[in-house]
Every structure is written in C-alpha cells, then in structure tokens.
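Whatever order the structure lists ligands and atoms in, that order sets their numbers, starting from 1. What you see is a predicted model; the values in this text were computed from it and never measured. All residue numbers refer to positions in the sequence shown, counting from 1. Below, each value reflects all heavy atoms present in this structure, side chains not excepted, and no hydrogens, waters or symmetry copies.
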Amino acid sequence: MKTPGEIQYITLRNKQMTMYSPEQLEFLNLASNGHNIILTGQGGTGKTYAIRAIVARLMDIKNVAVTATTGIAATQYTNGQTIHSWCGLGDGSISGKELSNLIPKEEKYLKARMRIEKCDVLVIDECSMLSQKMFDTIESICRNVKKNNAFFGGLQLILAGDFYHLPPVPDQLNGETGKFCFQSKAFYSSVPHHVDLKTVFRQEDNNLIQSINALEKGELSDDTAQFINTVTKDIDHNEETVFLFATNYKAKLHNHDQVMKMEGDLKTYKSRNEGDAYYLNRFQAPPILGLKISCKVMLVTNLSDHLVNGLTGRVKELTEDHVKVHFEMVDQIVTIERKLFVKFDPVSRRALAKRVQFPLILAFGLTIHKSQGMSLKSIIIDCEDAKIPGQIGVALGRATSSEQLQVKNFKPSLVSKHPQAIKNFYDCSFKPSCDDLSCCKAEFISRDLEVDLFAPFDIDNIELTEDEDPDDITGPENFVNEDEPSSEELPEFGPSPFPEYINMNTIVLDVHINSYLKTTKNFESCKDLLLHYNASELQEGQFFCTSILFKLQYLEIEHKSSLVKFDSVIKERTKPSKKSDVGRGNIRHIGGYCVAKLKYKYQKKVQSALYDTNKVSQLENARKKVLFLSHVTVSYSDLTVSSTSTDTLKTTHRKQNIRQSLTNISDVTFEFFEKLNEAIRNSETFSNLHKHGEFLIENIKSNIANDTELRNIWITLFENLENDADPVIEQAILDDLFNEICQKFISVSASNFRKDFITHVKVVKSKAHRKKVLESKEKKSTKKVLMSEIKSDKSDGKLASHLRLKAGVLDNNKYFIDKVYTKKDIQLLRSAYEIPTLQNIRKIK
Ligand SMILES: Nc1ncnc2c1ncn2[C@@H]1O[C@H](COP(=O)(O)OP(=O)(O)OP(=O)(O)O)[C@@H](O)[C@H]1O
C-alpha cells in the first residue's frame, strides 16, 4: 500500500522517538509565543494532545480557558467546558447580536463576563463544528466585554479541529446557514496562522491510517476499498463494543433492541410535553425512555463542567424520581433527576416546545456525530445512509486498531467530496509570524463584519438534522402540468371537510406567527372566513396559526371554484403529447417525495412506539414499512451510475438540499410512478370533473385502489427484498403502502389539477369578459355621433372633433357591416370630410 506524499506515518510509540511531531512542535512554539493559531489534522494526529501540552505550558503565566464545541470533546480537558456555556450563550432564547450587547452589562451574565474579562487565551476544540455565525458572535461578545477593539478583544485565540470532519449544523430558526467558521469575514484577521498535523498517533496500522485519511477527505482509492473489504467480517463484540450509525433512527432502534434483549425489568419513563410537535421531535431527550439496570446510557445535556453532554455510563438504580448512573470517565455515581428542555424562538422569545424528561439516552449504539473525538477499542460501523462527506472517515477514525473493527453496509457511492470551500481553506496561504506579534493584533474596523448575529444552536443536537422530514427539503413543485408551476400541496378536492371534524373554536390560537397575522387586514379576512364557516368570532388579540389560515384560504378558493359551472366553452385540459425529461423528472421527484414522506411518517411512528408495551405490534408494523420503503430509494450517486434515464434525476437533484438522495427512487419504482401518473391523468379531466363534481378525486382514488395491474407492479418492486416477515403480513404491509402511496400521489396531482382548472376557468372567463367589453366599446364609439347631429353641427372645429368618425369613414366597409350609417350617410360624410369616393380616385388616376 502506498503512503500519500504529504503524510509521514511515523509510529512514534513503537520507535520511542521524540515526544512531539515536527508540526506539533511548530504549533507549540507559535502558541507559546502568543500567536493566534488554528491547528488542524486528521483524527488521531494529536491535536488534543498538543492542546493539553500548550495549556499546561501557558497555565502558570496566563489565564487559559479551554473549551470545545461539544460537551464530550470538552471532557478531554481538565476544567474544559463548552464554548457555548463559557461565553454565556444560554438557552437560545436571546439572539447572538443582543447577547453581545447584554453580556457586558447585565447582572445575570456576570459569571460569563468575569470569565471573558480575565481570560488571556481562549482555546476552542472541534472547531469544524463552529459555524461562521457562532464565530462572529463569540468575537463580538469578547470584543465588547474586553472593551478592546482588537479582534476577540485582543485575547489569544487557539482553534483546533479538522474541517474534513463533521460540519456545523444549519438551523433555520436561528438563521444558521451551516457555514464554516473560516467563512467569517473576521476569520483570517483573527487567526492568521495555521499548522496542519501530519503524523498519526492513534493508530499504528498504516492501512487503517491511510483509509481514515482518504475517507475523511471523501476519496476512495483501490487500496482503501481493499482495506474496507478486510474489515467487513463479524467481530466478537463484547461489553466494550460500540455500534456507530449514520442516523438517529438507526441508533435508536439498535438501542431499543439491545435493552429489550437484556435481562431484568424494563422501567419506562414518559416525558411531559407541550408545544409544537415539530420541535418536540427534535429534542434529544426521548418521549419515552426505557431503561434496565446496567444498561449503557449517555447524558444529553450539561449538568456541570464535568458532567457534560456525551458522557457515557451504566445505570445503577432506577426509581420513579431519579436514575443513578455510574459515569466511568469521571468515576462518579450521579443521581439524575428530570429536567426541563425548552426550544425557544429567538425572535419572539417564546418557547415553541417544552419537554420534561431525564436527560439520558441509551448508548449501546451512537450516531457518528456523537462519537466525534472519541477513541474506541472495539467498534462496529453501520454505513447505511452515511451520506455526509467525511462521515465514514470520522467513524473509522474512532478505531484504535483494525482488529476490533467491523464495517457494515459500505458502498463506494457513499464516499462523497467535501464542498470546495474546505479545499480552499487548506490551500490558503496564512501569514508568516512576526516576533512583535503585530500579525495577531489586527484591529476590528469595519462595522460590516458585524452581520446578523443570531443565537447559537446547541451543537450537541447535531444529529437531528440527519433524520429530516422531507418537508424540510424542497417539496413538490411543478408536477404533472409541465407549463404551470405550482408550489403548494392543497387539501383534497371537493367540499370542505373542515367544519365537520375540527371545532373552529379550538383553532383560534393565541400564537404569534408573524407580524402579518397581526394586521387589521388579516384580522378582518379571518373574521370573514370564520363567518363563512359559521364559526365563532375572532377575539381581539387572538391570531390564527399560519397553516390553519392557509388551509381556510385554500378551502375558500375551492369553494369558489366549485361554484363555476362547467361550460362547453371550457376546453379539455391539455395533455403533453410526448413527455419531456422535465415532465418525467417531475414525476420522479414527486414519486420520491411521496416515498420519503411516508418513510418519515413511519420512522416517527416507530420512535413513538419504542418501549411502549401497548404498541408492540404497531412498532413491528411501522418498522417493516420503513424497511420496505427504504428498499425503493436509491442514493443520487448510485443512480448517476446505474440509472437508464439520468436526465430525469436533474429535477430531484435541483430541488434537494445538500443531503442528496433523500427523495431519490430506483428506476423500477419510477416506472411504477409513471404508470400511476398516466392512470390518474386519464381520469383527471375537466369533463370528468363535470360528471363527478366534488367526488372526482375520491372516484380516482377508488379506481386506482382497484387497479390490480398497478398493484401488482408495486408488489413486484419488493420481490428481491430479504426480510423475515410472514408472507401474509408482508402482503398486508405492501397493500397498505400501495394504498397510501397512491393516495399521496393523487393528492399532489389533484392540487395541480385544481390549479389548472381554476386558471383555465379564469382565462376563459376573462376572455369572454374582454370580448364583451370590446364589443360594447365599439358600439358606443360608432353610435355616439348621429347623422342629424353632424348635419346640425356648424362649429369651426367640426373636423377636428370628428377625427375618429373620419377615420371610420375612410375604412368604409366597417360602417356598412355594422349598419350604423347608410350608404347615403357615408357619401355625405365623405363630402363633408373631403374624402374622394373610390370612383373619383380612379378618375384622378
Ligand atoms: N506526541 C505524541 N506522543 C505520543 N502520543 C501521542 C502524541 N500525540 C498524540 N498522541 C496520542 O495519540 C492519540 C490521539 O491523539 P489525540 O486524541 O490528541 O488526536 P486528535 O487529533 O485530537 O484526534 P481526534 O481528531 O479524533 O479528536 C492519543 O492516544 C494521544 O495520547
């Protein structure tokens, strides 16, 4: 196996060489001379080791704060804490911009203020997860507290991490775009020096080291693929073995199965919840926690500087009010009580969701995100769904040797490249160091740098974004009708089902959604809508939830469209004669969207049924459905190689976010959706609408449900799926999924059909109206001037005022056709306006 040129793989421990690698020494020299510096290097190159060394060296002469972006990374240092708590960033209820003004002044931030004031050196480890916004926030807080106009208020900044590791998490609510810290305008002025460590210490096996390096960078050589092959066989797992997964969903399932297998009584703890389900789903603390004595658990919040998020331990005692856990790393038995978790909206400063639960999760299996920074003696890595660039490399980098390492479900297509920005960072030339430290003392000048500082997100919530709701990504647009883009999925066509099943009084919520909802205009329109549905009056100060408001508005549109009578003038909906790639791409995208949406729904069902003894069969059923739906999805990179209609992938690719393949389906599944679309399209006609009226969509749904040919095509998609389901149960599951997927697809299609129809009706109506207006205008203009009036008009300006009439007379025919003037009248007018007759013209010629 070749060794890449830029890395010197020296196994120092074996050869008993010097204590530090040359790059570690370079770093130590620069840092001890007071320079601001960023230390990078692949996992195991000794970044943490070097940081510990510099902290030990500087501590006697300076005040050093050691922080990290995650709790578990912070535990690697004596007195380490998260950067989040070090600078008082709190619970996210206040935006970063405000905090940078509040922390220097307000009493409640006294501790954070004192920490910053006395700090000379700030160390931030795992800086790949430090976002640009977070970096700017901390910079401005330090500058404001220290009342020093140098970047970071003049303190020495030491960053450590590897940008080929996991990136910052985007968080829409906090305006967090997920950009890296080096993308901040203040970065290169604040951190002018860079040292990249090349010597790997954690592992001694060169093949493993090279594979980690390549996979972290998103590269896959033959050697790496060969190495992965050698670690696919089963290892003997023991108590120490940790299972790593790419998604929360898989980690949770594994943990559930493991604890259920353990001996002893299961104790379940239900959480108390309040607020928006979307945010409740995003809490780390689970809705139901199932524990047994001796099971492995992990803390999901910081309880103190030592008891931090990510710390693992074993359960020692379970009572109604507390759980006792032995945390091996700090060798402490801790009594843990329930804790309140809150998700704030930093703009309105209101709590969006609250959960009371023990701050623990099971830890037989972890997500790769949670494992970042760990050294593990025995690991089994499940690569399924590991689509984030570098993710498999990070997982592999946890292994200390290849003996106790097993890699499952690895596919070359999972190895993907990092964004170009990272390469640019590593290619960038940093400043040379100056003895007088002038290189590190840049002054903060431009106010432009202080852009939009939002509240930071809790980086320990990082995994949440992996199990995304397909609605978080771009939803279905421009479906079926290739000419008319549409953006929203409307409720089912037909009469409003709304008043029957929802008590209107319950939907008038005292919720601030956005400022528009508070306007008088909106208030009045809501009132009208309520009156339309005979619901109670809206009280002053109450506001509609956006979704309800929009639903009512859609229903209103439907109501209006249902009043439009079908008319022979309305032509049939146009059908594209030959399907374009864009049109087919749309069908593929919507098909994939429906699959992803359903998969997400059942993943949530699985998670809510875990540890609930009353929901055992529901859990099994939902698990199977997720498995079946996963079978028809394929990653984008796989499809680009294997698909026979690659042009149809473009639409999905364009509409997805960076986490590709969430909504990509196999070619055979796409064929099924094309057939389904064809069947729907044949029935979704304006004449059928005339025939079935509001029951059209219901009619289509029942026709499709009875379409055995289509159902059989769906079932054949799963022929080669290995699963342990009983054939009868399997048939029932596939039937259920067929019905649900078709219903979803029809709903999306119907919304476009409705829009087509409404647009068409509008066009027809406006054309008819326009015609009428034109006709009446013409009649008015021609009949306005009577012959008798012209004759009696003796004024001088007669010709000027009759210009239009003169023009009309010149265009002779029109006046005969409309019979406004007789032949005699025209002759008279011609002579009055001195227009020669045709005969005269010929004579003159
Ligand atoms: N100069 C050194 N001499 C001996 N051992 C070292 C040296 N540097 C690092 N190590 C050892 O190598 C292992 C990995 O080091 P460390 O955890 O600091 O790497 P890292 O770059 O921080 O890894 P990660 O990115 O995965 O967090 C540790 O066991 C550490 O003690």
Residues in salt bridge (Lys or Arg N to Asp or Glu O under 4.0 Å) with R314, at least two apart?
E239

Is it the case that K343 places NZ or CZ above or below the six-membered ring of F341, under 6.0 angstrom from the centre and within 45 degrees of the axis?
no

With the threshold set at under 4.0 angstrom, would you say D162 reaches ligand 1 through any of its heavy atoms?
no

Within-shell test, Q76 vs ligand 1, heavy atom, strictly < 4.0 Å
no

Atom NZ of K62: over 12 foreign heavy atoms under 6.0 Å:
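Yes, the 6.0 Å shell around NZ holds more than 12 heavy atoms from other groups.
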
In chain order, what residues pass the ring-ring contact (aromatic ring centres under 6.0 Å, His included) check against H254, with sequence neighbours excluded?
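So H254 forms a ring-ring contact (aromatic ring centres under 6.0 Å, His included) with F243, F245.
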
Could you tell me which atoms of ligand 1, counted from 1 in the order shown, lie closer than 4.0 angstrom to a heavy atom of T45?
19 (O), 21 (O)

Do K47 and ligand 1 have an N or O pair less than 3.5 Å apart?
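So ligand 1 has an N or O lying under 3.5 Å from an N or O of K47.
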
Polar-atom distance check: H165 versus ligand 1, any N or O pair below 3.5 Å?
no

Closest to atom 15 (O) of ligand 1 by heavy-atom distance, out of A73, G46, G41, is G46

Under 4.0 Å from ligand 1, counting heavy atoms only, is it the side chain of Q372, its backbone, both or neither?
neither

If you measure from CZ on F227 to CG on L208, what distance do you get to the nearest 0.5 Å?
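If we round to the nearest 0.5 Å, F227:CZ and L208:CG are 4.5 Å apart.
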
